[in-house]
Protein chains: 2
Amino acid sequence: MEEDKLVCAENCPHINKINKVKEREPKADEYAKLSNMFKLFSDETRLKIICSLLKEELCVCDLCELLNLNQSQVSHQLQLLRNSKLVKFRREGKQIFYSLNDEHVELIIQMALDHILEEEEKNELL
Amino acid sequence: MEEDKLVCAENCPHINKINKVKEREPKADEYAKLSNMFKLFSDETRLKIICSLLKEELCVCDLCELLNLNQSQVSHQLQLLRNSKLVKFRREGKQIFYSLNDEHVELIIQMALDHILEEEEKNELL
DNA sequence: CAATCATATGAACAAATATTCATATGATAT
DNA sequence: ATATCATATGAATATTTGTTCATATGATTG
């Protein structure tokens with residue numbers, strides 16, 4: 001998987017820069033958790049589910065209807081979101097209502113939207 | 001890909017909620033851009049590259065050395081980051097120096113780190 | 001201008017992820 | 001207790017994504 005030989009040993013690697021980065025980079029397990037978190041946002045279906053739950057507590061078939069997805073698809077994705085504690089849920093009779101479990105999610109998405117909007121503005125200046 | 005029949009048509013879908021969500025959800029192309037953006041953060045190798053560039057402008061073999069990856073791997077991942085304009089680069093002789101192209105990136109990662117830390121705190125309370 | 005260095009790229013393969021279909025579960029109503 | 005409804009889950013398949021290996025490119029140096 002990983003190589004251990006240097007690519008351009010003599011002149012290239014800028015050791016002081018590298019050390020500077022190493023000093024304050026996230027820890028190994030933080031990288032893992034971060035990428036897992038972003039993985040949840042990286043599938044469009046899941047992202048739509050997340051964004052929907054941002055505004056309202058919804059049951060599974062609300063999500064099916066809203067996003068025009070079949071029930072299995074929604075349930076599978078919700079399972080992933082549940083496993084990583086991104087959503088919480090409560091049963092009410094036969095239905096199960098899902099909602100978001102964290103306030104950071106909205107901020108993260110908002111930040112990413114800001115980024116996208118800025119990109120679009122840049123492109124319009126061409 | 002997608003189903004068009006309702007799952008539980010009579011009683012279940014909460015139409016007013018659904019409409020409320022629909023009113024202010026991101027547009028189709030925004031969803032696509034958002035998920036593509038998060039996809040870039042979702043691979044651990046790429047995330048490490050991004051986090052490294054957060055602090056310092058680095059050349060390809062700095063990244064190889066720092067992250068213990070082979071050159072091809074790094075270049076391929078950098079290509080993805082370039083294509084979506086997340087990084088910029090400049091040539092200096094034989095070397096090519098990469099750096100981040102956007103300030104939102106740091107905020108997004110910081111936000112996600114905050115989320116993770118909060119999760120950890122919650123778990124310690126058990 | 002040939003050799004070398006740093007990086008990029010294409011194609012083949014491997015691994016991870018999403019979707020589907022069939023079926024299971026657990027709650028309610030009859 | 002049986003039927004039905006809303007949701008969950010397992011396994012098979014399809015799709016996407018990452019890694020590797022071989023090779024190409026473009027700049028520099030002798």
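Each chain gets a letter, A, B and so on, in the order the sequences are listed, and its residues count up from 1.
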Hey, can you pull the residues of residues 78-88 of chain A with a non-hydrogen atom under 4.0 angstrom from DNA chain D?
A:Q79, A:R82
May I ask you to evaluate whether A:N70 reaches the phosphate of C:dT20, defined as a side-chain N or O under 4.0 Å from OP1 or OP2?
yes
At under 4.0 Å, does any side-chain N or O of B:Y98 touch on OP1 or OP2 of C:dA6?
no
Take the protein atom [atom1] of [X] and the nucleotide atom [atom2] of [N], then report the distance between them rounded to whole Å.
X     : N      : atom1 : atom2 : answer
B:F97 : C:dA8  : CZ    : C1'   : 17 Å
A:Q73 : D:dA14 : CD    : C1'   : 13 Å
A:R91 : D:dA6  : CZ    : P     : 12 Å
B:D43 : C:dA14 : CG    : C1'   : 14 Å
B:L40 : D:dG18 : CG    : C1'   : 14 Å
B:E44 : D:dT19 : CD    : P     : 10 Å
A:L69 : C:dT19 : CG    : C1'   : 11 Å
B:R46 : D:dT17 : CZ    : P     : 9 Å

Give the nucleotide from the list D:dT7, C:dA8, D:dG26 with an atom nearest to the side chain of A:C61.
D:dT7
Go through C:dT7, D:dA27, D:dA8 for me and flag the one nearest to the B:K94 side chain.
D:dA27
Going by the rule side-chain contact (heavy atoms from CB on, under 4.5 Å), which residues pair with [X] if we only count those two or more places apart in sequence or in a different chain?
X      : result
B:Q110 : B:L113, B:D114
B:D29  : A:E120, B:K27, B:K33
B:S42  : A:F38, A:K39, A:S42, B:K39, B:R46
B:E57  : A:K17, B:R90, B:F97, B:S99

Correct closest heavy-atom pair for A:L100 and A:L86 would be CD2-O, 3.6 Å
Could you tell me if B:E56 and B:S52 have a donor-acceptor pair between their side chains, going purely by distance under 3.5 Å?
no
Test for a donor-acceptor pair under 3.5 Å between the base of [N] and the side chain of [X], counting only N and O atoms.
X     : N      : answer
A:Q95 : C:dA27 : no
B:S72 : C:dT9  : yes
B:Q71 : C:dA8  : yes

Kindly state whether the pair B:H76 / D:dT19 counts as stacked, where counting means centroids closer than 5.5 Å and planes tilted less than 30° apart.
no
Show me the donor-acceptor pairs, under 3.5 Å and distance only, between side chains in residues 76-85 of chain B and residues at least two apart or in other chains.
from  : atom 1 : to    : atom 2 : distance (Å)
B:R82 : NE     : B:Y98 : OH     : 3.1
B:N83 : ND2    : B:Q79 : O      : 3.4
B:S84 : OG     : B:L80 : O      : 2.8

If you assign A:E92 and A:T45 each to the DNA chain C nucleotide with the nearest heavy atom, which residue ends up on the more 5' nucleotide?
A:T45
